[in-house]
Amino acid sequence: MMSQPNSHQDRPGAPQREPRLMPRPVAQPAVDPAQAATFGRPRGVTGAFDRLYAPDARNGKEAEGVTLAPPPPESLAEAFSRPQDTPGVRLQRPRDDNGSGPGGNGAEPPLWSAPADPWRDPGAGAVLGSPALRTDAADDEDEERPKGALLSLPEVLFGRRVKPVALGLLGVVALLVGALGGLVGWWLADTGDSLTGQATIAEAEGGKERAPGSVSDIAKRVAPAVIKIDVTSGPDQPGVTGSGVMIDPQGYALTNAHVIDPAAKDPKMKISAVFVDGSRGEAKLVASDPKTDLAVIKVSVRNPTVMQIGKSADLAVGDSVLAIGSPQRLANTVTQGIVSALNRPVSAGGDPGEALVTYDAIQTDASINPGNSGGALVDSSGALVGINSSIKTGTSNGEGGSVGLGFAIPSDYAINIAQKLIKDGKVQHAEIGINASSVVADTESGAKVQNVVGGGPAAQAGIAEGDVITKVGDRVVRDSPELTVAVRAHNVGDRVPVQLVRQGRPLTVDVTLGSD
C-alpha cells in the first residue's frame, strides 16, 4: 500500500521523492483441523515432548489433557491379549528354571525392565517376547525314515513299468527300422548317376612357406617400384602402353624412349603412371635419348617406392633374374629366367630416316612381351640390373610374342644415361665418324668401312673406305653394331687404339673420338 506523502513533499518547489511502500502483510493460510490433530502438539503441551506419559493415563484416561491412542480392535485383542483363564500370564513367555512363566509357581518378573518408553502404549494387548522352545518330545532324535524302492530303467524311460517282452519287441522294431533305412539309402546311391556323388577333398593344413630371397619375396618388394605407363591423346583414347622404373624419391622414372616417343613428338599427348596399388599420377617428359632407347619422366607422386640399383657388371651367365612390367597391358606381371648372355650388341629398328637404336644388351630367357619395354630386370637380391627393351619375336614384322630371347639395357649404362638426361636434358655420345657394315671373311669378321666422314675422327686418323675394323680399345669388333657399342663405351675426346685390316694387312691407328 502506498504511503501518504508528508508535508515536506507537498510544499511548492520541494524536491519530489519516490513513494515508499509499506511491508506486505504476512500470509497465514487457515490450518486444516485434521492435519493439526495429526501433526500438532497435544493439548496442554507447549514445549518439547518430555512429559507425555503419566501413570493416570492408563485404561483410556486422560492425563494433563493428553489424548491417548484408542483401544485396539476386538479381533486383535482377542487374538493377541492374555488368555482370560490365566490372568497375569503373557504370551510366548517360556518357562524358566526358577518356576516363573506359564505353569510356574514363581511370580512373573516385571514386563518393562528398562525405563518406560514414552512412545509405547503400556496398555496394548500384544506383547513381544522370545521364541517359544520346543517340547520335550521334540528333543528326541528323529526316527529313520524308510527308504522307497529304486526306479527301474523302464520307469525312468517311460514313466511306468514295462514288461520285458514289450521292451524286447521295441528294440527289435528299432533295429528293423534302422536296417530298412540303410538298405533304402544304399539302393538309392547304387541306382543313381555314377558320375555324381560326394567327393572327399584333401586340403593342405600347413601354410605356404616363403623364405627370404624367394621369387615371391623379391616380387613383393620390387613390384611397388615398377609402374605402368600410358601415353594417350585424351580420355578413352587408345595409346601406347609400356613400363617404367622409379629411380629417385623426387618422382624420376626411367623407361624406354620408344614408349614415350609419341609424347616427345606431340606435346598434346598425355603421359600417366599407374602404380601397383592402382593409383594414377600425371607424368611429364624430362628428356629422351633415342640412340640408346632411354628416357626419363617425372611423376607427380609423394614418397614413391624407388628401386634399389644393382651392378650389371657383376652378372654372370646363368644368374637368376626376374622381369617385371606390364606386358600386353597386364600390369604387375612377373616372369622368371636366367641370364642367357652378356655384352650382346643389339640394334632395333628406328623410324624411317632415323638412326638404328644400338646398345650392349643383357640377354635373358625370362618371358618378355610388348608392354614390358621400360620395365625392370632384377637379380636374385631384387636389385635393378637392366631395363627391358626388346625381344626376338620369330616373325619378320616383330609383332609376335616372346620366344625366350629378351634383351635389357645394363643398369650401369642406363643409370649413367639417366643422370645426364636429368642434369643436362641431353646426352653426347662418342663418335668415330664412319659408316660401316658387318662382314664375315674366311679367317676373321668385323665392321667394314663403307664411307668416312670428311674431317671426322676416323679421317684424321687415316682410316679409309674398305678397311675392316676388328678391335676398338680392348673390345673385339665382330660386326657393325658391336663397333657402335665399342665406341660409345668411351667418352668424347678419348684417344683409343683401333685395329683394322687393310688389303689383308693388319694395322693399328690411334683415333681421338669426337661427339655425335
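In this text the structure is predicted, and so the values were computed from the model without any measurement.
- Under the 3.5 Å distance criterion, the side-chain polar atoms of Asn388 are matched with a main-chain donor or acceptor of Ala376.
- The existence of a salt bridge linking Asp289 and Lys420 is excluded, since no basic side-chain nitrogen approaches an acidic carboxylate oxygen closer than 4.0 Å.
- In this structure a side-chain-to-backbone donor-acceptor pair under 3.5 Å is missing from Asp424 to Lys426.
- Judged purely by atom type and a 3.5 angstrom limit, Asp494 uses its side chain to pair as donor or acceptor with the backbone of Asn491.
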*Go through the steps for Leu421 and Val427 under the test side-chain contact (heavy atoms from CB on, under 4.5 Å), then give the verdict.*
CA-CA 6 Å; Leu421 291 175; Val427 179; 3.5 Å; yes
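- The 12-atom threshold is exceeded at NZ of Lys228, counting heavy atoms of other residues, nucleotides or ligands nearer than 6.0 Å.
- One N or O on the side chain of Asp319 and one on the backbone of Ala316 form a donor-acceptor pair closer than 3.5 Å.
- For the pair Ile469 and Val449, the minimum side-chain heavy-atom distance is below 4.5 Å.
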_Test side-chain contact (heavy atoms from CB on, under 4.5 Å) on Asp360 and Arg475; report intermediate values, then the result._
CA-CA 12 Å; Asp360 212 12; Arg475 178 73 177 263; 3.0 Å; yes
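- Between the side chain of Thr255 and the backbone N or O of Ser243, at least one donor-acceptor pair lies under 3.5 Å.
- Residues Glu282 and Ser272 bring no donor and acceptor atom of their side chains to less than 3.5 Å of each other.
- A donor-acceptor distance shorter than 3.5 angstrom exists from the side chain of Asp277 to the backbone of Ser279, with no hydrogens or angles considered.
- Minimum interatomic distance between Pro370 and Ile391 (heavy atoms only, all atoms of both residues): CD-CD1, 4.1 Å.
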_Residue pair Asp314, Ser312: steps toward the side-chain hydrogen bond (donor to acceptor under 3.5 Å, both in side chains) verdict_ = CA-CA 5 Å; Asp314 295 339; Ser312 57; over 6 Å; no
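- Closest non-hydrogen pair, Pro290 versus Ala257, comes out as CA-CB, 4.1 Å.
- Under the 3.5 Å distance criterion, with hydrogens and angles disregarded, no donor-acceptor pair is assigned to the side chains of Ser515 and His429.
- Side-chain atoms of Thr470 never come within 3.5 Å of backbone atoms of Gly446 as a donor-acceptor pair (strictly under, hydrogens ignored).
- A donor-acceptor pair is defined here as one N or O able to donate and one able to accept, closer than 3.5 Å; such a pair exists between the side chain of Asp365 and the backbone of Ile338.
- Checking Ser380 against Ser320 by side-chain atom types alone, no donor-acceptor pair falls below 3.5 Å.
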